[in-house]
Amino acid sequence: MFEVTTEYDKKTILMMNRAAHKTFRRKQFLIRRIFLMGVGLVCLVSGGLLLLIFSQLDSKDKALAVGATLIGVLAVGEGFFLDRLGAWGSARQMLEGSRRWRLRFSEEGFSGENEDGVHADYPYSQIQAAYEMTEYFLLQIDKLHCVILDKNGFTQGTSEEFRRFIADKTGAELRTIKI
């Protein structure tokens, strides 16, 4: 019925992480970002104030001032680039040969395999939610896993036909995500 090939490159993985952070991982993402930014700002302000009186500090306090400032910069930086760092971590966890996946959708469910012959099968009942972005579809399998489909990767069927098909199979309309 439908067949789509998706290359899990940097752009695709970044879009998958951003979509997850805007939808089913939103609460975790916001808590983590707020924590990092809060800790980072406290450390930056504390370290900055100590750096103002740097010449009057003993060696232990000088190390504390520099350390607090460095921790603050790192925490704020991580808070700003949380999507990119998450995508980088996801890409590092993938096996080298497994970046190109071909998924086939039938009446019963969908299955996929990568270039290494790794195979996965899913019934449509396992899809918790379906989302649509400008260039991708995202199927949420559970709280930690999702499948991203490149709209330009359809070799059987079209993305317009797939939109109606997956809505019928999952029983829910695709939610649009603006990224």
Are Thr155 and Val4 side-chain neighbours, meaning at least one heavy-atom pair lies under 4.5 Å? no

Determine the minimum heavy-atom distance between Ser106 and Met1, stating which atoms define it. C-SD, 4.0 Å

What is the distance from atom CZ of Arg32 to atom CZ of Phe29, rounded to the nearest 0.5 Å? 9.5 Å

Could you list the residues that satisfy salt bridge (charged side-chain N to carboxylate O under 4.0 Å, His left out) with Lys151, not counting sequence neighbours? Glu132

Tell me whether Gln56 contacts the main-chain N or O of Ile53 through its side chain, where contact means a donor paired with an acceptor under 3.5 Å. no

Starting at CD of Gln140, measure out to CD1 of Ile148 and round the result to the nearest 0.5 Å. 13.0 Å

Exam field: side chain Asn114 to backbone Asp116, donor-acceptor pair closer than 3.5 Å: yes

For the pair Lys169 (side chain) and Gly109 (backbone), establish whether a donor and an acceptor sit closer than 3.5 Å, ignoring hydrogens and angles. no

How would you list, by chain and number, every residue that makes a salt bridge (charged side-chain N to carboxylate O under 4.0 Å, His left out) with Asp150, sequence neighbours excluded? none

Test of understanding: clusters of I, L, V, M, F, W, Y form through side-chain heavy atoms closer than 4.5 Å, transitively. Do Phe80 and Leu70 belong to the same one? no

List for me each residue that meets side-chain contact (heavy atoms from CB on, under 4.5 Å) alongside Ala19, sequence neighbours excluded, and say none if there are none. Met133, Leu138, Ile177, Ile179

Flag the pair Leu14 / Trp88 as yes when at least one side-chain heavy-atom distance between them is below 4.5 Å, and no otherwise. no

In terms of heavy-atom contacts, Met37 and Gly79 come closest through SD-CA, 3.8 Å

Could you check whether any side-chain heavy atom of Phe165 comes within less than 4.5 Å of a side-chain heavy atom of Tyr124, counting everything from C-beta outward? yes

With sequence neighbours left out, write down each residue that passes salt bridge (charged side-chain N to carboxylate O under 4.0 Å, His left out) with Lys11, or none if nothing qualifies. Glu135

When you group the ILVMFWY residues by side-chain heavy-atom contacts below 4.5 Å and let the links chain together, are Val45 and Ile34 in the same group? no

Minimum heavy-atom separation for Lys178 and Lys22, please, with both atom names. O-NZ, 2.9 Å

Roughly how far, to the nearest 0.5 Å, is NE2 of His21 from CE of Met16? 10.0 Å

Distance check, rounded to the nearest 0.5 Å: Leu51 atom CG versus Thr69 atom OG1? 4.0 Å

In sequence, state the C-alpha distance, the side-chain angles, and the governing distance for Tyr8 and Arg100, and then conclude on side chain to side chain contact (heavy atoms under 4.5 Å, CB included). CA-CA 6 Å; Tyr8 279 68; Arg100 180 177 301 230; over 6 Å; no

Beyond-backbone contact of Leu139 with Leu149, side-chain heavy atoms, under 4.5 angstrom: yes

Side chain to side chain contact (heavy atoms under 4.5 Å, CB included) assessment of Val76 paired with Leu36: CA-CA 6 Å; Val76 169; Leu36 286 168; over 6 Å; no

Test of understanding: with side-chain contact (heavy atoms from CB on, under 4.5 Å), list the residues that count as partners of Thr170, not counting sequence neighbours. Ile127, Ile166, Ala172

Spacing of Cys146 atom SG and Phe137 atom CZ [to the nearest 0.5 Å]: 15.0 Å

Which atom of Ala65 lies closest to which atom of Leu57, heavy atoms considered: CB-CD1, 4.3 Å

Find the distance between CD (Glu7) and CD1 (Ile13) and round it off to the nearest 0.5 Å. 9.0 Å

Test item: Trp101 and Val118 side chains (from C-beta on) under 4.5 Å apart, heavy atoms: yes

Answer yes if the ring centres of Phe154 and Phe162 are under 6.0 angstrom apart, and no otherwise. yes

Would you check, one step at a time, whether the test side chain to side chain contact (heavy atoms under 4.5 Å, CB included) holds for Arg175 with Thr23? CA-CA 10 Å; Arg175 293 182 243 167; Thr23 56; 5.9 Å; no

Would a line drawn from the ring center of Phe110 to the ring center of Phe105 be shorter than 6.0 Å? yes

Smallest heavy-atom separation, Cys43 atom then Ala68 atom, equals CB-O, 3.2 Å

Ignoring hydrogens and geometry beyond distance, is a side-chain donor-acceptor pair present between Tyr122 and Ser111 at under 3.5 Å? no

With side-chain hydrogen bond (donor to acceptor under 3.5 Å, both in side chains) as the criterion, how do Tyr136 and Thr12 come out once you've worked through the C-alpha distance, each side chain's angles and the decisive distance to 0.1 Å? CA-CA 8 Å; Tyr136 301 97; Thr12 304; 3.2 Å; yes

Mind checking salt bridge (charged side-chain N to carboxylate O under 4.0 Å, His left out) for Arg104 and listing every partner two or more places apart, or none if nothing turns up? Glu3

